[in-house]
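Only one structure is covered here, and it is reproduced in the block below.
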Protein chains: 4
Amino acid sequence: MKTKKKQTRRRSKQAHEAIIAATLELIEEKGYLRLSIEGIATRAGVGKQTIYRWWPSKAALIIEAYSQKVTSNFQSPDNGSLQLDLEELLITIFARIRIPPSSKVMTGLIAEAQTAPEVAEQFYTGFIKKRREMVFGLIQKGIDRGEVHRDTDMDIAADTLFGPMWYRLLLGHGPLDQKFAKKLVQQVLAGLSTRRKETLQGGGDSFSIQDSLSV
Amino acid sequence: MKTKKKQTRRRSKQAHEAIIAATLELIEEKGYLRLSIEGIATRAGVGKQTIYRWWPSKAALIIEAYSQKVTSNFQSPDNGSLQLDLEELLITIFARIRIPPSSKVMTGLIAEAQTAPEVAEQFYTGFIKKRREMVFGLIQKGIDRGEVHRDTDMDIAADTLFGPMWYRLLLGHGPLDQKFAKKLVQQVLAGLSTRRKETLQGGGDSFSIQDSLSV
Amino acid sequence: MKTKKKQTRRRSKQAHEAIIAATLELIEEKGYLRLSIEGIATRAGVGKQTIYRWWPSKAALIIEAYSQKVTSNFQSPDNGSLQLDLEELLITIFARIRIPPSSKVMTGLIAEAQTAPEVAEQFYTGFIKKRREMVFGLIQKGIDRGEVHRDTDMDIAADTLFGPMWYRLLLGHGPLDQKFAKKLVQQVLAGLSTRRKETLQGGGDSFSIQDSLSV
Amino acid sequence: MKTKKKQTRRRSKQAHEAIIAATLELIEEKGYLRLSIEGIATRAGVGKQTIYRWWPSKAALIIEAYSQKVTSNFQSPDNGSLQLDLEELLITIFARIRIPPSSKVMTGLIAEAQTAPEVAEQFYTGFIKKRREMVFGLIQKGIDRGEVHRDTDMDIAADTLFGPMWYRLLLGHGPLDQKFAKKLVQQVLAGLSTRRKETLQGGGDSFSIQDSLSV
DNA sequence: TGATAAACGAGACGGTACGTCCCGTCTTGGA
DNA sequence: TCCAAGACGGGACGTACCGTCTCGTTTATCA
């Protein structure tokens, strides 16, 4: 089964690049919310239709523009120790993400993702998935080395490593610096408890939940 | 200190309530981003000016509308065990926050908070602060009971408990159910590592950071 | 029965006038076809919505703008003779209508009238009706004076006086000057025939019509 | 005078016909103003460039499409009487022109003719000239037979016969039926006046003209 | 118990941006 | 070599809301 090629003019590389460039420029100048397709088209010297032809939404355009930066050389660390690997990973990611325009882009995208499922998906595959898989790989190596409990829930582990990052990024109640990265890794690895893991297993179910419709 | 009353018509309670009600209705129907002041005014049978007179922004209006729900009775748990207390706390909070309109409201507010500092502040004091302080209190009791290391960084502890919640709420890659709450608490308390806390302290600084301008 | 007055802000006289003025300016500069609502709004210093709020179409706006000029003092002539009256009337109308922007406006409106019935109606009542009725009045006076046959079809009389005007205006195959006005009136009054009216009555029906779907 | 054919234009005939056909279809469906080159190209299964290659404008395309219909056999009547000849001519022309799509085409072309001189010329030679010359011929025969005054202004005569047709076609204030054709011819031939032609000649110039810039 | 001034509903206003349509030109690749 | 397909820069469309600004009309003190 062969797919027949259409005979038509192809997408213009120049226009494409000009649009991406204009998007990056304008997002730094204006922020996510005040970024307009009209503005991008003008800055790029391009018709609006050329943008609408290739990107279904403002979000999709921004995701592509930022993906280019993100995809840039970024390798999984390998220091022979989970603690060191995670520290390096978080320090690197924090350094990249805390730079001004990023946070606004991220929150803008996240906000749009709430009402637009396709944005959510693109955002997840573009910005979230790879990092989580990197962490999964590092933890697996830790398990293989005997550093980590075999029954560790990797999803939750990834949540406790990245969740605080987004939490601080969005709420701004604490910095995303090296010190935080190291302390976070240590506390995630060691846990809060003075007792051994075994003594904590199977917490009871015997309490009533205060429930309501509110937040 | 009291403000002297002039001789004039007071704020209309009816209009106020109609606006709050319309806001809650419309946010469930349309989501944060597609919510418009114009729409609220029409639904509430109110002039736009009446809204602008009393609320400086869409965000402020929503925060007030939601605060009513949130302020509802919510007490710090006390089961005599940090694990049980945290489990109860998270289960309750998760149950409240995972209900549909909430997530959209929260992310919308968070997004606006990125560009509007006053929104950030109101959001922090209205939705974030109390919960964190509750966690601080519970951990302090844990320390007093000897369940928790004395040198625990409470900020980071709160981050690892609430960060994953926001992370999952916003990205939707996992549920916010009871099971998650329990496992999260256990893993935060026990840590990932098979080794004792003492053997992990003071991770080295001897690696180069992959840094760049990108996310 | 009383009509209750609505309690709301009234139409802005300033905006209204600025729009009319801008329309007249731009139609002279650009012509009917290249006239845009956007352009009018910009020139008038007005939001587009303000135009759309009050006029259903470009045509309606133009009709109003031109009606002001047309409605300006224009009286039925009265020289005691049908020939003189008609000559005066046509000379005056020709003089007004042959000035450059007018012809373009008229043909633009006529073109739009073909697809938009409401434009047709407005155009008829705004530009056509009064002139026809003026002619009817003059002819009636002619009949009363005994200058004109009693059984004259006034509609056709008006058509033979104004039809040539539009025909020449639109096709441009001849001028709309005083000379034309006089000759036209004379020929319409005297007829082409050398014979008396009575000898022409009741032309036969006995010929086949070349018919087809084409023009 | 024949133009020598250069190298092959194989599929051009097919494309050409498809374009003409699509144009005729679409003009009936949408009318002149809402007819777009893009729409014609799509309907004809043809590239837009193929249209632009052969026709300088939408108007030229439509004129060609309609000329085919118009060129169809159409002879000058010859009944031995000017009255009968003119009646036949007008009845035939009215029948052809009053059919729905025609009027829209005509007015569209006329409107464009106002701003595009080449359209005006093509329209005149394609649709106007022949009919006028036909009338000139008939009147000349009438003069030769002694039916018509020797000093008749033929241009004005043609204007009084065709002007009313366009006037009614465009404004729609009256029908273009047989009855109108006959009455029009009679009135044009006999004139309105009860007096002989000789008594009307040389109307005075002694009245002031109400003049202004308006229509 | 009026008067009176702010608050009210209604919605017009100057704007910005939306997403769509079509213009006339330009580019590509298959027939 | 011709030409369908359609991408391109551009202009305008008509709509949705923004936040500000009049309009009369309530309506709740306080003089």
Side-chain angles (χ1 to χ4, degrees), chain A residues 4-16 18 34-42 44-54 56-58, chain B residues 5-12 14-16 18 34-42 44-54 56-58, chain C residues 4-12 14-16 18 34-42 44-54 56-58, chain D residues 6-12 14-15 18 34-42 44-53 56-58:
Chain A
K4 269 212 174 174
K5 287 284 169 72
K6 281 285 173 70
Q7 73 242 34
T8 179
R9 183 176 178 182
R10 299 290 191 243
R11 182 172 191 169
S12 156
K13 204 182 165 190
Q14 267 179 299
H16 189 127
R34 286 187 302 170
L35 182 72
S36 70
I37 298 284
E38 208 138 282
I40 294 170
T42 303
V46 141
K48 278 202 287 178
Q49 199 66 54
T50 301
I51 297 178
Y52 285 110
R53 203 176 347 254
W54 301 110
S57 66
K58 194 170 84 170
Chain B
K5 293 284 168 71
K6 281 273 176 82
Q7 84 235 31
T8 177
R9 183 178 179 184
R10 295 286 200 272
R11 180 175 191 169
S12 158
Q14 265 179 298
H16 190 122
R34 288 183 302 174
L35 184 73
S36 68
I37 298 287
E38 210 138 284
I40 294 170
T42 303
V46 141
K48 282 200 289 177
Q49 197 57 262
T50 304
I51 297 179
Y52 285 109
R53 201 174 353 250
W54 300 111
S57 67
K58 191 169 85 171
Chain C
K4 268 213 173 173
K5 286 284 169 73
K6 279 286 171 70
Q7 71 244 34
T8 179
R9 183 176 180 183
R10 299 289 191 246
R11 182 172 191 170
S12 156
Q14 266 180 300
H16 189 127
R34 287 187 302 170
L35 183 73
S36 70
I37 299 285
E38 207 139 283
I40 294 170
T42 303
V46 142
K48 276 202 289 177
Q49 199 62 273
T50 301
I51 298 178
Y52 285 110
R53 204 174 350 253
W54 300 111
S57 65
K58 194 169 84 170
Chain D
K6 279 263 176 110
Q7 283 179 351
T8 51
R9 253 182 8 191
R10 290 180 305 256
R11 305 192 60 184
S12 71
Q14 260 179 297
R34 288 185 301 176
L35 183 73
S36 69
I37 298 286
E38 208 139 285
I40 294 170
T42 303
V46 141
K48 282 201 288 177
Q49 197 55 263
T50 304
I51 298 178
Y52 285 110
R53 212 182 334 260
S57 68
K58 192 167 86 170

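Lettering of chains follows the sequences in order, A, B, ..., and the numbering in each one begins at 1.
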- Can you find a heavy atom in the side chain of C:Trp54 that is under 4.5 Å from one in the side chain of C:Arg11? yes
- Message: Please report the distance, rounded to the nearest Å, between NE2 in B:His16 and P in E:dG9.
- Response: 13 Å
- Note on the structure: Closest to the side chain of B:Arg53, out of E:dA7, E:dT27, F:dA4, is E:dA7
- First of B:Lys58 and A:Ala44 reached from the 5' end of DNA chain F, by closest nucleotide: A:Ala44
- Atom CD1 of D:Ile40 and atom C1' of E:dC23: how far apart are they, to the nearest Å? 13 Å
- Indicate, yes or no, whether a donor-acceptor pair under 3.5 Å links the base of F:dC23 to the side chain of C:Arg10. no
- Partners passing salt bridge (charged side-chain N to carboxylate O under 4.0 Å, His left out) against D:Lys58 (at least two apart in sequence or in another chain): none
- Note on the structure: Among the nucleotides E:dT20, F:dC8, E:dC23, whichever has the atom closest to the side chain of A:Lys48 is E:dT20
- 5'-most by nearest nucleotide on DNA chain F - C:Gly39 or A:Ser12: A:Ser12
- Message: Would you compute the distance between atom NZ of D:Lys48 and atom OG1 of D:Thr42 and round it to the nearest 0.5 angstrom?
- Response: 8.5 Å
- From the list E:dC23, F:dG14, F:dA4, which nucleotide is the closest neighbour of the side chain of D:Tyr52? E:dC23
- Query: Taking only N and O in the side chain of A:Thr50, is any of them less than 4.0 Å away from OP1 or OP2 of F:dG9?
  - Reply: yes
- Query: Within this structure, what is the CG-to-P distance between D:Leu35 and E:dC21, rounded to whole angstrom?
  - Reply: 17 Å
- Can you check the D:Ile37 CD1 to E:dC21 P distance for me, whole Å? 18 Å
- Message: Using the side-chain heavy atoms of A:Trp54, tell me which of these nucleotides is nearest: F:dC18, F:dC8, E:dC8.
- Response: F:dC8
- Item | Interatomic distance, A:Arg9 CZ vs E:dG24 C1' [rounded to whole Å] | 12 Å
- What are the two closest non-hydrogen atoms of D:Gly47 and D:Ala41, and how far apart are they? C-CB, 4.2 Å
- Message: Measure CZ/A:Arg11 against P/E:dT28 and give the value in whole Å, please.
- Response: 15 Å
- Task: Let me know, please, whether A:Ser36 or B:Val46 comes out on the 5' side of the other along DNA chain E by nearest nucleotide.
- Result: B:Val46
- Heavy atoms of other groups near D:Arg34 CZ, more than 12 under 6.0 Å: no
- Look at the side chain of A:Gln49 against the base of E:dC21 and say whether a donor-acceptor pair falls under 3.5 Å; ignore hydrogens and angles. yes
- When the distance from CD of B:Gln14 to P of E:dA7 is rounded to whole Å, what number comes out? 17 Å
- Quick one: A:Ile51 CD1 to F:dG10 C1', roughly how many Å, whole number? 13 Å
- Query: Quick one: on DNA chain E, does B:Ala15 or A:Glu38 contact a more 5' nucleotide (nearest heavy atom)?
  - Reply: B:Ala15
- Message: Mind checking if D:Gly45 touches a base, just sugar-phosphate, or nothing, with heavy atoms under 4.0 Å?
- Response: sugar-phosphate
